[in-house]
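These notes concern the structure reproduced below.
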Amino acid sequence: MRSRIISLSIAFISFILLMIIGNYIVKPKRIANVQDLNEGWNVVYNDISYTDIKLSDLRGLIGSGTSRGDRIELTYNDLKFDDSLDNVMLIHTRFSAYRVIVDGDIICEKYYEEYYKDDFIGCESAFIDLPSKDRYDSIIIEFMVAEDGAYNYYEAPVAGKYMDVLLYRVYSYIFVFFISAFLIIFGIIFFAIAIAFNTSVSEINMQIFSALIYIALGTWFITQFNILELFLDTYGHETEMEYISLYVITPLMYLVMGSMRGYLSKKSFLLFAILGTIVPIVLIVIHFTGSVHINRMLPIYQVDAIVFVIYSIRMLFSDIRKKMLPQSQSIQLVGLAIISISFIINVIFYYLEVAGISEQIMLSKKAVPMGAMCMVFATLVNYHIYITQSLARRSERASLAHLAYDDELTGIPNRNRYEKYISDLDKKENDYCIISIDLNGLKKVNDELGHLAGDKYIAQFGKCLSQCMEGQAFVARIGGDEFVAVLSGNNILRAQEFIQELCMKLDELNKKDPSIYRNAACGFAYRHEVSKPDMNAVYLLADERMYLDKRKKKQTS
């Protein structure tokens, strides 16, 4: 098992390295045609003007984040292109109504009605189609801020041909894009596999809830960076999808922990799990009632998530130290702890950005995706251990069942299995036939040729019996030289036919190998023939007739 886990680790690390290398090396050539418009902006923030500045420096100049009702006007002069066709500008809006004015004409205007109604406005990566010109004297972008803290940093617009700008946007977040796609696809496939087991085993429940976490994480990543809108029209609901997918992660994490051995019996866990699940659900419900927008309640959810992080890490160290969890569940819990820590890193840098101390660097944005990949690895290891142990247990059960119900010498069912079979058959009202079979001359073979020859006789007879009645009757060895066959259903009247076929096979075997004379006495009886219709009475009648056949064969031999 260790070698397989090492191989899985190498494959996982290789996958991550390939993604990281590809993120920095595989760069589309057309991206070079895109203009990054970070410098040369004139900005009016409410009534304060700033001239010829970098957008990345704007937060430092203003000194604080935006508030609802703020008006931001960004002006860029003298934008040039080599070609006048298919030019676009990609702008990034955050909880704002906005309009774009090119050379005095409004070419785009969105969300002003929602702004004045105080309806929810999300974030967008908006492609603005520019007029067919190769030069623009001025481009004005106006934002009417609808939420406090909407712009703690300012992402520069980019301009160029549509496909070039689209590639630029995707490539800028290629790592997040591939991680998101992987998590969603992996989560869906893994969920289907886990559901297919259709069992209440704790390890499988963990896999089901873990798969849902991956789907939620992938959805959160791809919507957080406004990548989904590039490929799928969400009708302005991408930001709501972002927050909802984020808010359901903590309840799903509690479900993963709750699937582990003994956790559901802990009162403290149940208390944390119930409260930790109710909080995000209530936040989502409040948003859709229109009372408070979902993004404004983010600090409440973050407190809820941090409580889970602290609790899960405490449980991890406590239970591993006490050796209360099996190896597979310990690995899963470690994966859960890693992604929890990555959430804390993300939250810390988020609030540093809100405070204007430091921009939320890409490393912090990649922390959670990397943590998610670590949890994926933990899930795969957990699943591998579970499957390996399940197969081992199944093999052990099959071996024990074989020892309990199969005859070791012939490979056919033994007395225990016969008694169970006939007992189940006896509970029904249907008629059946029992054939009692006894080997002739086994003692003579044992005495004259030895017990190995006797075992050979028994084994060969068992094979002949199975071949004659394969799929048409139940056969078993119930003693040293005693065998039985049970006929039911459509084959119930074929007892004499089967006996004749068995005798023919024994005669053929005697001709091929005359070292042992193989012969059997047979007798059969039907359930309807006895006054007390039970298995013992039917068998005794069949056995009595078998001894009559044995005496006849002795008299004629």
Side-chain angles (χ1 to χ4, degrees), residues 394-442 454-510 518-550 553:
R394 183 177 299 178
S395 177
E396 183 180 0
R397 284 195 296 268
S399 178
L400 291 173
H402 175 76
L403 292 173
Y405 291 109
D406 289 346
D407 179 62
E408 186 176 358
L409 182 58
T410 62
I412 64 175
N414 60 14
R415 176 180 285 275
N416 289 336
R417 192 168 173 189
Y418 158 72
E419 290 179 349
K420 184 179 186 307
Y421 175 83
I422 200 69
S423 176
D424 292 340
L425 200 61
D426 217 31
K427 294 175 183 176
K428 302 175 183 178
E429 298 297 327
N430 300 333
D431 198 8
Y432 59 82
C433 174
I434 296 178
I435 304 174
S436 176
I437 307 167
D438 195 83
L439 299 185
N440 291 327
L442 178 61
D455 289 347
K456 177 182 176 182
Y457 183 6
I458 294 171
Q460 288 179 338
F461 181 81
K463 185 177 181 181
C464 287
L465 184 62
S466 295
Q467 289 174 346
C468 288
M469 303 187 182
E470 184 176 8
Q472 302 175 81
F474 175 87
V475 297
R477 181 188 178 200
I478 59 174
D481 57 359
E482 300 173 40
F483 291 80
V484 71
V486 183
L487 304 177
S488 59
N490 295 330
N491 296 312
I492 192 170
L493 299 178
R494 298 180 64 189
Q496 194 62 53
E497 180 185 334
F498 285 134
I499 291 171
Q500 290 174 354
E501 185 179 349
L502 177 62
C503 291
M504 289 174 59
K505 280 190 172 291
L506 292 176
D507 288 341
E508 291 174 4
L509 195 55
N510 287 334
R518 305 161 185 86
N519 185 259
C522 301
F524 59 91
Y526 293 91
R527 181 182 188 182
H528 68 264
E529 294 184 275
V530 297
S531 57
K532 184 182 179 182
D534 62 29
M535 59 182 183
N536 292 324
V538 179
Y539 174 75
L540 288 174
L541 180 58
D543 204 45
E544 181 180 334
R545 291 171 178 173
M546 180 272 294
Y547 277 108
L548 288 173
D549 183 53
K550 185 181 282 284
K553 287 182 177 178

Could you tell me which residues satisfy salt bridge (charged side-chain N to carboxylate O under 4.0 Å, His left out) with [X], sequence neighbours excluded, listed by chain and number?
X    : answer
K428 : none
D481 : none
E419 : R415
K456 : D513

Exercise. Go through V484 and I437 one step at a time and tell me if the side chain to side chain contact (heavy atoms under 4.5 Å, CB included) criterion holds.
Key: CA-CA 6 Å; V484 71; I437 307 167; over 6 Å; no

Practice problem: Test side chain to side chain contact (heavy atoms under 4.5 Å, CB included) on V475 and V486 and set out the steps. | Solution: CA-CA 6 Å; V475 297; V486 183; over 6 Å; no

Heavy-atom side-chain proximity of [X] to [Y] below 4.5 angstrom:
X    : Y    : result
L502 : C464 : yes
L487 : Q472 : no
T410 : I458 : yes
L506 : Q460 : no

Self-check item: Distance-only side-chain donor-acceptor flag, D407 / N414, under 3.5 Å
Solution: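 Short answer, no.
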
Self-check item: Donor-acceptor side-chain pairing of K550 and N440 below 3.5 angstrom
Solution: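 Short answer, yes.
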
Is there a donor-acceptor pair closer than 3.5 Å between any side-chain N or O of [X] and the backbone N or O of [Y]?
X    : Y    : value
Y526 : I492 : yes
R527 : N430 : yes
N491 : R494 : no

Could you pull out the closest heavy-atom pair between [X] and [Y], with the gap in Å?
X    : Y    : answer
L442 : G454 : CD1-O, 3.8 Å
R477 : G479 : NE-O, 3.0 Å
K553 : A521 : NZ-CA, 4.1 Å
Y457 : G441 : CE2-C, 4.3 Å
K505 : C468 : CD-SG, 3.3 Å
M469 : A485 : SD-CB, 3.5 Å

Exercise. Name all residues meeting the ring-ring contact (aromatic ring centres under 6.0 Å, His included) criterion together with Y421; count only those two or more places apart in sequence or in a different chain, and write none if there are none.
Key: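 Y421 satisfies ring-ring contact (aromatic ring centres under 6.0 Å, His included) with F474 only.
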
Return all side-chain donor-acceptor pairs below 3.5 angstrom for residues 538-545, not counting sequence neighbours, or 'none' if the list is empty.
| from | atom 1 | to | atom 2 | distance (Å) |
| --- | --- | --- | --- | --- |
| D543 | OD1 | S436 | OG | 2.9 |
| R545 | NH1 | F524 | O | 2.9 |
| R545 | NH1 | E529 | OE1 | 3.1 |
| R545 | NH1 | E529 | OE2 | 3.2 |
| R545 | NH2 | E529 | OE2 | 3.0 |

Self-check item: D424, CG: over 12 other non-hydrogen atoms inside 6.0 angstrom
Solution: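 Yes, because the 6.0 Å sphere around CG of D424 holds more than 12 heavy atoms from other groups.
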
Quiz item: In Å and rounded to the nearest 0.5 Å, what is the CD1 to OG distance from I412 to S466?
Solution: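 Result: 5.0 Å between the selected atoms.
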
Quiz item: Below 6.0 angstrom between ring centroids: does that apply to F483 and F461?
Solution: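 That pair passes the under 6.0 Å test.
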
